[in-house]
Amino acid sequence: MPSNRKTWFQKGLKDGVPIALGYFAVSFTLGITAKTAGLTALQAMLASLTLNASAGEFAGFTLIAAGASYLEVAIMEFVANARYLLMSCALSQKLSPDTPLWQRLLIGYDVTDEIFGISISVPGRLHPYYTFGAIAIAVPGWSIGTYLGVVMGNILPANVVSALSVGLYGMFIAIIIPPARKSKIVAGVVAISMAASFLFTKLPAISDISSGVRTIILTILISAAAAFLFPIKEEDPDHAA
């Protein structure tokens with residue numbers, strides 16, 4: 001495995017290319033939403049540059065369009081993005097204890113579903129520069145896509161925009177398939193998670209809860225059950241295969 005900063009950064013950059021392409025496609029529709037809310041292309045790009053979160057930004061732009069207050073937007077953003085708290089906690093366990101604070105903060109700046117997925121899959125300890133490399137290519141893809149979505153999103157045919165909006169889901173499936181193929185337990189947990197997520201959107205009382213809170217509830221319940229039923233033997237991450 002690579003050990004120096006440059007090698008890790010280049011590896012993260014390479015693994016982040018598919019993520020950047022997926023972000024570029026999906027953020028086109030985000031740009032259209034931003035334009036509907038009255039934002040300029042530059043304002044929308046800056047929003048994506050500082051908040052790389054699709055659900056959070058869609059919610060924020062929708063509230064802006066509805067004339068919501070700053071407090072309402074802040075509360076909605078917290079709820080929509082709360083799942084990233086769990087991802088950050090998981091990534092913190094992958095880092096070496098002597099990882100500097102500024103490196104931890106930089107990783108925390110862009111803990112998205114996809115970057116979390118490739119970072120948590122790194123064998124052994126996570127080298128911060130791997131995630132830095134992924135962030136370096138993914139954030140521009142998301143921001144530039146949002147900008148172009150405002151400028152020319154309405155020019156594209158409706159069916160093309162619809163196709164772009166599901167591109168990221170295909171890419172995310174590609175992230176979880178390899179570990180699921182290697183482990184029947186992981187495959188089972190993924191299947192149960194998908195089924196439970198679907199049920200949570202249909203059940204009368206639970207469906208009224210925001211998607212961010214539902215994700216947190218499911219993550220805690222399913223991961224706790226999996227850890228209890230299928231515990232993994234403790235080993236030194238620095239010497240993991």
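What you see below is based on every heavy atom in this structure, not just the backbone, and it leaves out hydrogens, waters and symmetry mates.
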* Hey, mind stepping through V111 and L91 against side chain to side chain contact (heavy atoms under 4.5 Å, CB included) and telling me if it holds? -> CA-CA 9 Å; V111 178; L91 282 181; 4.2 Å; yes
* Asked: Can you list the steps and then say if V139 with Y23 is a side chain to side chain contact (heavy atoms under 4.5 Å, CB included)?
  -> CA-CA 8 Å; V139 170; Y23 282 177; over 6 Å; no
* Pair L21-V17, side chain to side chain contact (heavy atoms under 4.5 Å, CB included): steps then yes or no -> CA-CA 6 Å; L21 294 175; V17 169; 4.2 Å; yes
* To do: Apply side chain to side chain contact (heavy atoms under 4.5 Å, CB included) to the pair R104 and L95, showing each step before the final yes or no.
  => CA-CA 9 Å; R104 294 174 182 270; L95 295 170; 3.9 Å; yes
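Listed here is the closest heavy atom pair of A134 and I118: CB-CD1, 3.8 Å. The minimum heavy-atom distance linking V151 with A41 is given by the pair CG2-CB, 3.8 Å. I120 and A90 make their closest contact through CD1-O, 4.0 Å (heavy atoms, listed as atom of the first residue, atom of the second, distance). Nearest approach of E57 to S48, heavy atoms of both residues: OE1-OG, 2.9 Å. Pairing each heavy atom of S27 with each of G141, the nearest pair is OG-O, 3.8 Å. The nearest pair of heavy atoms linking L218 to A196 is CD2-CB, 3.5 Å.
No continuous path of hydrophobic side-chain contacts links F78 to L51 [ILVMFWY only; heavy atoms under 4.5 Å]. Under a hydrophobic-cluster definition in which Ile, Leu, Val, Met, Phe, Trp and Tyr are linked whenever side-chain heavy atoms come within less than 4.5 Å, directly or via other members, L85 and I107 are assigned to different clusters. There is no path of hydrophobic side-chain contacts, each under 4.5 Å, that joins V189 to L199. Both L42 and M152 are assigned to one and the same hydrophobic cluster, defined by single-linkage of ILVMFWY side chains at heavy-atom distances under 4.5 Å. Cluster membership check: F228 shares its hydrophobic cluster with F230, using side-chain heavy-atom separations under 4.5 Å among Ile, Leu, Val, Met, Phe, Trp and Tyr.
The structure places CZ of F9 at 9.5 Å from CZ of F132, a figure rounded to the nearest 0.5 Å. Note that CG of L106 is 5.5 Å distant from CD1 of I135, once rounded to the nearest 0.5 Å. One finds the CG atom of L39 at 10.0 Å from the CG atom of L46 (value rounded to the nearest 0.5 Å). Note that the CD1 atom of I137 and the CG atom of L13 stand 5.5 Å from one another [nearest 0.5 Å]. If you take CG on L30 and OG1 on T146, they are separated by 4.5 Å, rounding to the nearest 0.5 Å. The OH atom of Y84 lies 9.0 Å from the CG atom of D110; values are rounded to the nearest 0.5 Å.
Between the side chain of K35 and the backbone N or O of G149, no donor-acceptor pair lies under 3.5 Å. Checked by atom type and distance alone, the side chain of S119 never pairs as donor or acceptor with a backbone atom of F116 at under 3.5 Å. A side-chain donor-acceptor contact under 3.5 Å links T112 to the backbone of I115. Side chain of S143 to main chain of P140: no donor-acceptor pair is present (N/O by atom type, distance under 3.5 Å, no hydrogens or angles). Not one N or O on the side chain of R83 forms a donor-acceptor pair closer than 3.5 Å with the backbone of D113. Within the 3.5 Å criterion, the main-chain N or O of Q43 finds a donor-acceptor partner in the side chain of T40.
D15 is linked by a salt bridge (charged side-chain N to carboxylate O under 4.0 Å, His left out) to K11, counting only residues two or more places apart in sequence or in another chain.
Among residue pairs with one or both ends in residues 192-206, none qualify as side-chain hydrogen bond (donor to acceptor under 3.5 Å, both in side chains); sequence neighbours excluded.
Between L148 and F24, the closest side-chain pair of non-hydrogen atoms falls below 4.5 Å.
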Only pairs under 3.5 Å count here: list side-chain donor-acceptor contacts from residues 58-71, not counting sequence neighbours, and write none if there are none.
from, atom 1, to, atom 2, distance (Å)
T62, OG1, F58, O, 2.7
S69, OG, E72, N, 3.2
S69, OG, E72, OE1, 3.3

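The aromatic rings of W102 and Y129 stand perpendicular to each other, their planes meeting at an angle above 60°, with 30° marking the opposite boundary.
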